2 protein chains.
Amino acid sequence: MLSKKTKYGLKALTFIARSGDDVPVQVSVIAKSEQIPQKFLESILLTLRKSGILGSKKGKHGGYYLRSEPSEIKMTDVMRVLEGPIAMVPCVSLNYYEKCDDCPDEHKCSVHKLMIEVRDSTLKVFRNTTLADLSGV
Amino acid sequence: MLSKKTKYGLKALTFIARSGDDVPVQVSVIAKSEQIPQKFLESILLTLRKSGILGSKKGKHGGYYLRSEPSEIKMTDVMRVLEGPIAMVPCVSLNYYEKCDDCPDEHKCSVHKLMIEVRDSTLKVFRNTTLADLSGV
DNA sequence: GTAATCCCTACTAAATTGATAGGATTAATA
DNA sequence: TATTAATCCTATCAATTTAGTAGGGATTAC
């Protein structure tokens, strides 16, 4: 299941992308428009800022803005920040590889083979999708 | 993340498929060979039996067996039983559809569009993979 | 200086996961 | 028929994750 965190994060990014890049967008505006608990959304946007996808401006008339063009923001990056590894098991993760405790030889593991296929097909989608595709911008 | 339940279930099915179809395979044998807690595995195989994928024989010399040929057992079915819906959000689920509370129009929802693509690409993998592919039988 | 805004830490309730415990039921066989 | 070996079933539990909430600190525009 997709976490609420990811869902909210994607909706917020879409909202920001659609707002144009001239002024920062405030958390309160996004929260109200997208029906997201404001404090929760705050923490999500903070994560996106720390990862470099969003920038922020503090104080009055502050808010969040995209650090790149929507067409440059790939879903692979966004999903890894919000949802974590794209692979369903650590032993097939490109960025967070970990060996299974119970698996003596992962090349013989039936789960491993299947999960590599799932990972590759999901990656293909995320690599070919940018925020521009989501937001229609 | 793939749950342990699903991982163990897939390994157990593979084990049974590789054992041939002449005699039922006991939980204890699978548990020992695949390093799975036996009581946990019991409950998993019970689920697979109730869903119709496995059959069982009680009493001495009892155990579990496949109800169909490995090549007839599709990953779509297995994954739905073990892991639940294949879609990452209920609003794009084919078998367990549910509308989002927060989404006024899901055709305009950016998350919706992305998750449909992910669902379709994952489905494609599961539809084209059978237990025969996993087990090499 | 005041109001608006992001920033940060800590806490919490509910749900899910990954088991474990204990026994009831069923079937083979000595 | 008694024993043994298996599945079947229900209940419980600890740890983790999720989805928030609370409260205030820091910064900036006006």
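Proteins come first, then strands; the chains are lettered A, B, ... in the order of their sequence lines, and each starts at number 1. For clarity, every value in this text was computed on a predicted model and none was experimentally measured.
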What nucleic acid atoms does A:K50 come within less than 4.0 Å of, heavy atoms only: base, sugar-phosphate, or nothing?
-> sugar-phosphate
Look at the side chain of B:L46 and decide which nucleotide, out of C:dA19, D:dC9, D:dT21, has an atom nearest to it.
-> D:dC9
Donor/acceptor link under 3.5 angstrom from A:K39 side chain onto base of D:dG23 = yes
Does a side-chain heavy-atom distance below 4.5 Å link B:I73 with B:L13?
-> no
What's the NZ-C1' distance between B:K4 and D:dA15, to the nearest Å?
-> 13 Å
Whole-Å distance between D:dA5 P and B:E42 CD?
-> 15 Å
Within less than 4.0 Å of OP1 or OP2 of D:dT7, is there a side-chain N or O belonging to B:R49?
-> no
Report the distance from atom NZ of B:K32 to atom P of D:dA5, rounded to the nearest whole Å.
-> 12 Å
Is the closest side-chain heavy-atom distance between A:L123 and A:L94 below 4.5 Å?
-> yes
Sub-4.5 Å side-chain heavy-atom contact between A:P37 and A:Y8 | yes
Examine the side chains of A:S3 and A:E83 and answer whether a donor and an acceptor come within less than 3.5 Å of each other.
-> yes
Result for 5'-nearest mapping on DNA chain D, choosing between B:L45 and A:Q38, is B:L45
Can you list, by residue number, the residues of residues 52-66 of chain A that have a non-hydrogen atom closer than 4.0 angstrom to DNA chain C?
-> A:S56, A:K57, A:K58, A:G59, A:K60, A:H61, A:G62, A:G63, A:Y64
Considering only side-chain heavy atoms of B:F40, which listed nucleotide, C:dC7, C:dG18, C:dT5, is closest?
-> C:dG18
Rounding to a whole Å, what distance do you find between B:Y8:OH and C:dG18:C1'?
-> 8 Å
Atom pair distance, as rounded to whole Å: CD1 in A:I44 and P in D:dT21 = 12 Å
Rounded distance in Å - CD (B:Q26) to C1' (C:dA28) | 12 Å
What integer distance in Å separates B:I36:CD1 from C:dG18:C1'?
-> 13 Å
A:P37 side chain: which of D:dG20, C:dA19, C:dG18 is closest?
-> D:dG20
Below 4.5 Å, heavy atoms only, C-beta onward: do A:I30 and A:K11 meet side chain to side chain?
-> no
Tell me: CG of A:D102 to C1' of C:dA19, nearest whole Å?
-> 15 Å
List the steps and the verdict of side-chain contact (heavy atoms from CB on, under 4.5 Å) for A:Y64 and A:R49.
-> CA-CA 8 Å; A:Y64 288 94; A:R49 199 220 56 191; 4.1 Å; yes
So do B:L134 and A:V111 actually touch side chain to side chain, heavy atoms under 4.5 Å?
-> no
